[in-house]
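By convention in this document, chain letters (A, B, ...) are assigned in the order of the sequence lines, proteins followed by strands, and residues within each chain are numbered from 1.
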Amino acid sequence: MNRQTKSSSAAPPNFLERVYELVRKVPRGRVTTYGAIAEACGMRISARMVGWAMNQSHRVLPPVPAHRVVNRKGLLTGKHHFATPTLMQELLEQEGVKVIHDQVVNFEQVFWDPHQHQ
DNA sequence: ACCGTGACTGGCA
DNA sequence: ATGCCAGCCACGG
C-alpha cells in the first residue's frame with residue numbers, strides 16, 4: 001500500500017484520458033500537434049507519449065479524431081496507423097483541410113492551439 | 001532485468 | 001534551409 005501501483009510517476013494516471021479529451025476538443029477543419037497536446041497536458045517534454053496515446057486511441061470511446069493530430073511540421077506522420085494509409089488524409093480533406101504529399105497546406109492557419117483555447 | 005523501438009521535438013552543424 | 005543527434009516516457013521481446 002503505497003504510491004501508485006501501476007503507471008509511472010512522471011505522467012498522471014489520467015494523462016491518457018486528458019489527451020483524448022483534449023483532442024476531441026479540436027474543432028472540425030482544424031489540426032493540432034503532438035507537442036501542443038503534450039504541453040497542454042503538462043508533458044511537453046514528452047510529445048512521444050501523445051503519439052503513444054494516439055496509438056491506443058482507436059480503442060477508446062467516444063472516438064478520438066486522431067486524424068486532426070499531426071507533427072510539428074504539419075506532416076501526417078501517423079497516417080500509417082489508420083485503417084488505411086490514405087484514411088487520415090481523406091478525413092482531413094473531408095473536413096476542409098487540404099493535404100498535399102502528406103503535408104497540411106497552410107498548416108499554421110489551420111493549426112489549433114489547445115493552450116489558446118483551453 | 002536489459003535493450004530497442006516509437007503517430008515527437010528542439011537544438012546545432 | 002536541411003539533416004543529424006540527444007532527450008523523453010512507456011511498452012514489448
Calculate the interatomic distance between [X] atom [atom1] and [N] atom [atom2]; express it in whole Å.
| X | N | atom1 | atom2 | answer |
| --- | --- | --- | --- | --- |
| Gln56(A) | dA7(B) | CD | P | 11 Å |
| Leu76(A) | dA7(B) | CG | P | 14 Å |
| Met49(A) | dT5(B) | CE | P | 16 Å |
| Leu22(A) | dA7(B) | CG | P | 21 Å |
| Tyr34(A) | dC8(C) | OH | C1' | 16 Å |
| Phe15(A) | dC11(C) | CZ | P | 11 Å |
| Met43(A) | dT9(B) | CE | C1' | 13 Å |
| Asn55(A) | dG6(B) | CG | P | 11 Å |

5' precedence on DNA chain C between Trp52(A) and Ala47(A) (nearest-nucleotide basis): Ala47(A)
Do Pro114(A) and Thr32(A) have side chains that get closer than 4.5 Å, going by heavy atoms?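 Yes, close enough: below the 4.5 Å cut-off.
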Are Leu92(A) and Leu76(A) packed together at the side-chain level, in the sense that at least one heavy-atom pair is separated by less than 4.5 angstrom?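 Heavy-atom side-chain distance check passes, below 4.5 Å.
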ring-ring contact (aromatic ring centres under 6.0 Å, His included) involving Phe107(A) - partner list, sequence neighbours excluded: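 With neighbours one apart ignored, the set is Phe111(A).
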Give the cluster check for [X] versus [Y]: same hydrophobic cluster or not, with ILVMFWY residues linked at side-chain heavy-atom distances below 4.5 Å.
| X | Y | value |
| --- | --- | --- |
| Val23(A) | Phe82(A) | no |
| Tyr34(A) | Val64(A) | yes |
| Met88(A) | Val110(A) | yes |

For Asn71(A), which contact category applies under a 4.0 Å heavy-atom criterion: base, sugar-phosphate, or nothing? sugar-phosphate
May I ask you to say what Ala66(A) touches in the nucleic acid, namely base, sugar-phosphate or nothing, with a heavy-atom cut-off under 4.0 Å? base
To the nearest 0.5 angstrom, please state how far the CG atom of Leu87(A) sits from the NE2 atom of His80(A).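 NE2 of His80(A) is found 12.5 Å from CG of Leu87(A).
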To the closest 0.5 Å, what do you measure between CD (Glu39(A)) and NE2 (His115(A))?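 Answer rounded to 0.5 Å: 6.0 Å.
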Over 12 non-hydrogen atoms of neighbours within 6.0 angstrom of CD in Gln56(A): yes
Has Glu21(A) got more than 12 heavy atoms of other residues, nucleotides or ligands less than 6.0 Å from its CD? no
Considering only side-chain heavy atoms of Thr33(A), which listed nucleotide, dA7(B), dT9(B), dC8(C), is closest?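 Closest of the options to the side chain of Thr33(A): dT9(B).
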Residue list, salt bridge (charged side-chain N to carboxylate O under 4.0 Å, His left out) with Glu90(A), at least two apart or on another chain: none
So, using side chain to side chain donor-acceptor pair (under 3.5 Å) as the criterion, who are the partners of Glu95(A) when residues are at least two apart? His67(A), Arg68(A)
Just the dot-bracket of DNA chain C, please: which string comes out with Watson-Crick or G-U pairs under 3.5 Å, [ ] for crossing, | for another strand? .||||||.|||||
By a strict heavy-atom criterion of less than 4.0 Å, which residues belonging to residues 78-107 of chain A are in contact with DNA chain B?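 Within this stretch, Gly78(A), His81(A), Phe82(A) sit under 4.0 Å of the strand.
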Give me, pair by pair, the N or O atoms of the protein and of nucleotides 2-5 of chain C that are less than 3.5 Å apart, along with how far apart they are.
none

